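Working notes for the structure below.
Just so we're on the same page: letters track the sequence lines, and every chain starts at 1. These numbers come from a predicted model, not from an experiment.
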Amino acid sequence: MALLSASTALTRYRVEGNKETLSLETIREKINNNRFPETEDPASFFTSGWTPFESHYLSDFSEKTIIFGTHLLFCLRIDKKSVPSRILKKMVTIETQKRLQESGKEFLSKNEKKALKEDIEASLLLRIPATPNIYDILWDMEAEEVYFFSSQKAANEEVETLFLKTFGLHLVRIFPYTAAMFSNELSDIEKDRFSTLSPVRFSE
Amino acid sequence: MLDIAVAYNRFSFVGQEFLTWLWFISETQDDIFQKVHEEITDLRLGNRMVLQNRYGDDRIETLTIKGDTAGLEEAMVALQKGAVVTEMQIIFTSGEHEWSLTLKGEHLGLSGLKTPETASIKEIEETEGAVIEKFFLIHKAYEITDKLFIHFIKIRTGEIWNNTLLLMREWVKKSNEGKIHT
């Protein structure tokens, strides 16, 4: 669901915080410092970072541009590992049977079952490659808005966190309340009235 | 400003009322669209709508209407029962260009956004031009939905609202009566 796709989903944010000290060079440096790590940590089941728009899997920004017209464009990459539940169930069943035979016990305690499941999951996670997900992020510097090309809750939470960590700026989501409060087409009286609104029924 | 998380939940109904108003306007006063944004030559509902009815005991009833031949009769009945529109596909045109998108009332997020077609990229050097053109078209979709939302908020917070609400209730009532007679 990327910017150039035929069909896309978006979340819009307003950028809040002190932007005065951020030159293009500083922004570029900060993005590069928080880029997606080039070497994969096999024990990590969740990794995130920025990648260039033109090379999602090579996160070095030194040769790549982030400037597109008057906007900045780069990507959030999130790599996640997850063990398919049926594989985990199969492995736990086999291992449980093996342990029962070895110990001569009739069943495993609740804690033993939990520990066994966690051990198997951890060992499988080391062997399973992470699945990458790429989300475009376009920063309209003039309008002080960010367009994030996803509406998935987890991706939205990660972009908000990483943006704050990278630039020290908050991404404030545009939803009915903030759309009204940030609007320069509404008067203070209209904004005050908005704050006192209650739902109505459209039937009698 | 209120705390963002509190405000998100507290005012999500405004987005849902906005979608219901858009539906009402598209059926009764569609000349308003051009007054709100001069570039809109037509705005109509698409083939997807989701409505939700919350009952006092925390039960939620969701009605999804989709498909090219789907009518909105059931949606109107749900509205009569007190449901609200939570998401809705809208299609608008500006000259020969058409945008289609699904708008969610809760957060005003866009999904399934289809803009007018842009030229395909044949050379890597064409990427920047393609990005600028595509973003211009995406931004246009936001510009139009923003204008419509702010127009609704002006009505919703103004003295005209009581009359608009009466007209909307009348519209719901008449639409449901019409179905009973046919």
Region of [X] that comes under 4.5 Å of a non-hydrogen atom in chain A:
X	answer
B/W99	neither
B/K147	side chain
B/Y8	both
B/L165	side chain
B/F13	side chain
B/E117	neither
B/I121	side chain

Looking at [X] and [Y], does any basic side-chain N land under 4.0 Å from a carboxylate oxygen?
X	Y	result
A/K80	A/E158	no
A/E54	A/K64	no
A/E121	A/K117	no

Aromatic ring proximity [X]/[Y], centre distance under 6.0 Å:
X	Y	result
A/F163	A/Y13	no
A/F68	A/F53	yes
B/W23	B/F18	no

Greatest number of heavy atom pairs closer than 4.5 Å to chain A - which of [options]:
options	answer
B/V172, B/L79, B/L110	B/L110
B/Q16, B/M168, B/E17, B/R10	B/E17
B/G109, B/S12, B/G82	B/G82

* Asked: So which bits of residues 131-145 of chain B come within less than 4.5 Å of chain A, counting non-hydrogen atoms only?
  ->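 Counting heavy atoms that sit under 4.5 Å from chain A, the residues of residues 131-145 of chain B involved are B/V131, B/I132, B/K134, B/F135, B/I138, B/H139, B/Y142.
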Measuring from atom [atom1] of [X] to atom [atom2] of [Y], what distance do you get when rounded to the nearest 0.5 angstrom?
X	Y	atom1	atom2	value
A/R201	B/Q80	CZ	CD	8.5 Å
A/S151	B/H107	OG	NE2	6.5 Å
A/I120	A/E95	CD1	CD	5.0 Å

* Can you find a side-chain donor-acceptor pair between A/Y135 and A/N156 that sits under 3.5 Å? ->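 The criterion, which ignores hydrogens and geometry beyond distance, is not satisfied for A/N156 and A/Y135.
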* Asked: Taking atom types as modelled, is there a side-chain donor on A/S62 or A/D60 under 3.5 Å from an acceptor on the other?
  ->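 Looking only at side-chain atoms, A/D60 and A/S62 do form a donor-acceptor pair, the distance falling under 3.5 Å.
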* To do: Name the member of A/T65, A/L138, A/T196 that forms the most heavy-atom pairs with chain B at distances under 4.5 Å.
  =>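 It is A/L138.
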* To do: Would you mind telling me which of A/D192, A/I189, A/L186 has the largest number of heavy-atom pairs within less than 4.5 Å of chain B?
  =>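 Of A/D192, A/I189, A/L186, A/L186 has the most heavy-atom pairs under 4.5 Å with chain B.
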* To do: Quick one: sort the B/F152 and B/W21 rings into parallel, tilted or perpendicular, breaks at 30° and 60°.
  =>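 The rings of B/F152 and B/W21 sit tilted, inter-plane angle from 30° to 60°.
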Please flag which part of [X] lies under 4.5 Å from any non-hydrogen atom of chain B: side chain, backbone, both or neither.
X	value
A/F148	neither
A/A6	backbone
A/R12	both

* Ignoring hydrogens and angles, tell me if any N or O in the side chain of A/K89 forms a donor-acceptor pair with the backbone of A/P84 under 3.5 Å. =>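 It does not hold such a pair.
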